[in-house]
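To keep things clear, I will list the structure first and then write my remarks on it.
Start at 1 and go down the list; that is how both ligands and their atoms are numbered. Sequential numbering from 1 along the given sequence is applied to the chain's residues. It should be emphasised that the depicted structure is a prediction, and the values quoted were computed from it without experimental measurement.
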Amino acid sequence: MAEIYRASTTAPVNIAVVKYWGKRDAKLNLPTNSSLSVTLSQADLRTLTTATCSSSYTGEDTLTLNGAPSDISGARTQACLRELRALRVAVEEKDAELPKISSFPLRIVSENNFPTAAGLASSAAGFAALVRAIADLYELPNSPTELSMIARQGSGSACRSLFGGYVAWQMGSQADGLDSKAVEVAPASHWPEMRALVLVASAAKKGVSSTSGMQQTVGTSDLFKERITNVVPKHMKLMEEAVAARDFAKFAEVTMKDSNSFHSTCADTYPPIYYMNDVSRAAVRAVEAINAAAGKTIAAYTFDAGPNCVVYYLEKDTAAVVGTFYNLLASTEGWKAEAKSYASSGVQLEEAVATLI
Ligand code: ADP
Ligand code: DP6
Ligand code: CO
């Protein structure tokens with residue numbers, strides 16, 4: 001019986017507070033702007049990926065995603081696999097004792113314990129896990145930064161999921177992308193009171209993927225030019241200051257404004273893209289009501305490319321923030337129905353209150 005080599009890993013979701021939206025190089029996945037995110041706890045939302053290879057396997061590399069075969073012939077997944085194999089070949093050439101597993105077909109099996117392709121960063125956790133599982137399988141010596149640059153080629157946001165805490169993806173300026181990388185702005189322990197409440201308005205696959213949506217925005221929106229030239233640089237600076245000073249009100253204002261700015265460029269895309277729906281807008285109003293009742297900003301909403309809402313708040317404000325949302329869930333038909341489908345995907349709503357890693 002031929003040996004089966006195996007490695008398993010999990011990777012967390014990250015939810016950007018200054019959003020990546022736009023590629024200047026679609027092949028290398030280089031962004032038009034820097035971005036900044038918070039990595040959520042793997043105890044709540046995570047991808048679990050197992051990579052195996054064996055001389056007994058035949059055919060192409062395969063990926064089984066959430067129990068179904070997934071097409072990995074696309075250039076971006078292929079770039080990740082090619083780079084990881086090349087690194088394994090280099091390791092094998094240095095040490096003749098090592099088994100030549102680089103030539104074996106790969107079988108990758110992955111599961112997200114949260115909705116896939118619904119605007120909850122499945123591509124971020126997914127590609128971070130895929131790259132790390134294969135790097136572990138191949139026993140590669142590469143640093144998280146190097147692996148992050150490979151994951152970036154799979155999905156841009158994935159480069160930030162190789163790190164915990166507060167993570168910036170610096171856009172870089174080089175054509176080869178070697179200076180386009182994720183760096184830790186602060187560890188989670190810098191601001192351990194931060195919490196994220198994940199509200200699932202719809203677990204359905206989005207109509208327009210992030211990849212396609214941002215290409216359409218880059219190609220058609222005038223507002224987008226204003227965003228990448230003036231808005232994002234300002235938000236990056238303010239956000240880094242807010243995190244450094246643990247200034248929640250400032251963090252929250254920039255988070256909400258940046259989400260609004262990003263969704264405005266989607267609406268300014270021709271034809272327009274609408275990721276947020278009526279339920280999303282109800283969540284915006286609920287956050288505003290929470291802040292008005294508190295007399296200060298204690299909650300911040302943000303939406304990725306999908307209708308689902310992530311609310312950042314501090315631990316001490318749990319009762320005011322989460323309590324209000326549970327009442328809303330209990331009283332609003334739209335939320336209630338979808339909360340059920342979320343629970344059936346394996347995560348109870350109560351468990352979706354994420355801490356940071
Ligand atoms: P999301 O908002 O969830 O990140 P995207 O449109 O950016 O949605 O990307 C969704 C795509 O990411 C999926 O269709 C799939 O191709 C890929 N993906 C999601 N999860 C995984 C995973 N665990 N492993 C590999 N690829 C994944
Ligand atoms: C709105 O990283 O999913 O979530 O690089 O094409 O795979 P690709 O796109 P992806 O885009 C994420 C967009 C976003 C904002 C963010 O995560 O920064
Ligand atoms: Co994505």
Side-chain angles (χ1 to χ4, degrees), residues 9-39 45-51 62-77 79-81 108-134 151-161 167-169 171 180 182 202-218 232 235-236 255 258-259 261-263 265-266 273 275-276 302-308 310:
T9 193
T10 57
V13 157
N14 74 75
I15 299 294
V17 288
V18 179
K19 308 284 188 196
Y20 148 55
W21 196 252
K23 301 173 200 283
R24 66 177 196 274
D25 180 330
K27 196 158 166 278
L28 288 174
N29 242 358
L30 301 178
T32 50
N33 61 268
S34 296
S35 53
L36 202 149
S37 59
V38 185
T39 298
L45 309 181
R46 55 110 189 108
T47 298
L48 168 63
T49 299
T50 300
T62 60
L63 167 66
T64 305
L65 175 55
N66 299 328
S70 184
D71 180 15
I72 50 167
S73 63
R76 303 226 315 257
T77 312
C80 294
L81 299 181
I108 307 156
V109 177
S110 186
E111 262 186 50
N112 301 323
N113 73 343
F114 61 94
T116 298
L120 286 171
S122 71
S123 65
F127 277 95
L130 180 133
V131 168
R132 209 158 50 194
I134 298 171
R152 186 201 76 220
Q153 294 178 54
S155 176
S157 53
C159 73
R160 300 184 310 239
S161 269
V167 185
W169 173 13
M171 63 180 288
S180 184
S202 168
K205 188 174 169 175
K206 62 182 91 168
V208 182
S209 72
S210 296
T211 306
S212 158
M214 66 177 81
Q215 294 294 70
Q216 293 173 38
T217 302
V218 172
V232 171
H235 285 176
M236 283 299 288
T255 296
D258 197 78
S259 177
S261 157
F262 151 51
H263 287 278
T265 68
C266 292
I273 305 169
Y275 286 118
M276 291 169 65
T302 186
F303 299 82
D304 270 3
N308 301 313
V310 174

Atom [atom1] of [X] and atom [atom2] of [Y]: how far apart are they, to the nearest 0.5 Å?
X	Y	atom1	atom2	value
L45	L120	CG	CG	7.0 Å
F262	D304	CZ	CG	6.5 Å
L28	R152	CG	CZ	6.0 Å
S110	L63	OG	CG	6.5 Å
T217	I273	OG1	CD1	4.5 Å
T10	R46	OG1	CZ	7.0 Å

Atom indices of ligand 1, in the order listed, that fall short of 4.0 Å to a heavy atom of [X]:
X	value
T47	23 (N)
G119	2 (O), 3 (O)
K206	1 (P), 2 (O), 5 (P), 6 (O), 8 (O)
A118	3 (O)
G126	21 (C), 22 (C), 23 (N), 24 (N)
S209	6 (O)
S210	5 (P), 6 (O), 7 (O)

- Message: For atom 10 (P) of ligand 2, which of the options A16, S155, G213, G119 provides the nearest non-hydrogen atom?
- Response: S155
- Query: Which option, A125, S110, S123, owns the non-hydrogen atom nearest atom 4 (O) of ligand 1?
  - Reply: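 Ranked by closest heavy atom to atom 4 (O) of ligand 1, first place is S123.
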[X], any N or O under 3.5 Å of ligand 2 N or O:
X	result
G156	yes
S157	yes
N14	no

What's the shortest distance from [atom] to any protein heavy atom, and which residue and atom give it?
atom	answer
atom 3 (O) of ligand 2	S123 OG, 3.0 Å
atom 17 (O) of ligand 2	R160 NH2, 2.8 Å
atom 9 (O) of ligand 2	M214 CE, 3.4 Å
atom 27 (C) of ligand 1	L65 CD2, 3.9 Å
atom 15 (C) of ligand 2	Y20 O, 3.3 Å

- Counterpart residues, side-chain contact (heavy atoms from CB on, under 4.5 Å), relative to S210 (two or more places apart): W21, K206, M214, A305
- Item | Residues forming a side-chain contact (heavy atoms from CB on, under 4.5 Å) with S155, sequence neighbours excluded | R76, S123, F127, S157, A158
- Message: Here's a test for you: under side-chain hydrogen bond (donor to acceptor under 3.5 Å, both in side chains), which of T116, T9, N112 qualifies with T47?
- Response: N112
- Give a yes or no on whether S210 keeps an N, O or S atom under 2.8 Å from the Co ion (ligand 3). no
- Message: For ligand 1 and P115, I'd like to know whether there is a polar contact (N/O to N/O, distance under 3.5 Å).
- Response: no
- Backbone or side chain, does any N or O of A117 fall under 3.5 Å from an N or O of ligand 1?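 Yes.
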- Query: Of all the atoms in ligand 2, which lie at a distance below 4.0 Å from a heavy atom belonging to F262?
  - Reply: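 Counting from 1, the qualifying ligand atoms are 1 (C).
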- Query: So, for I134 and A51, which heavy atoms are closest and what is the spacing to 0.1 Å?
  - Reply: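 So the minimum-distance heavy-atom pair works out to CG1-CB, 4.0 Å.
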- Side chain, backbone, both or neither: which part of E111 has a heavy atom under 4.0 Å from ligand 1? neither
- ligand 1 contact on L120 by region, counting heavy-atom pairs under 4.0 Å: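 Looking at L120 and ligand 1, just backbone atoms fall under 4.0 Å.
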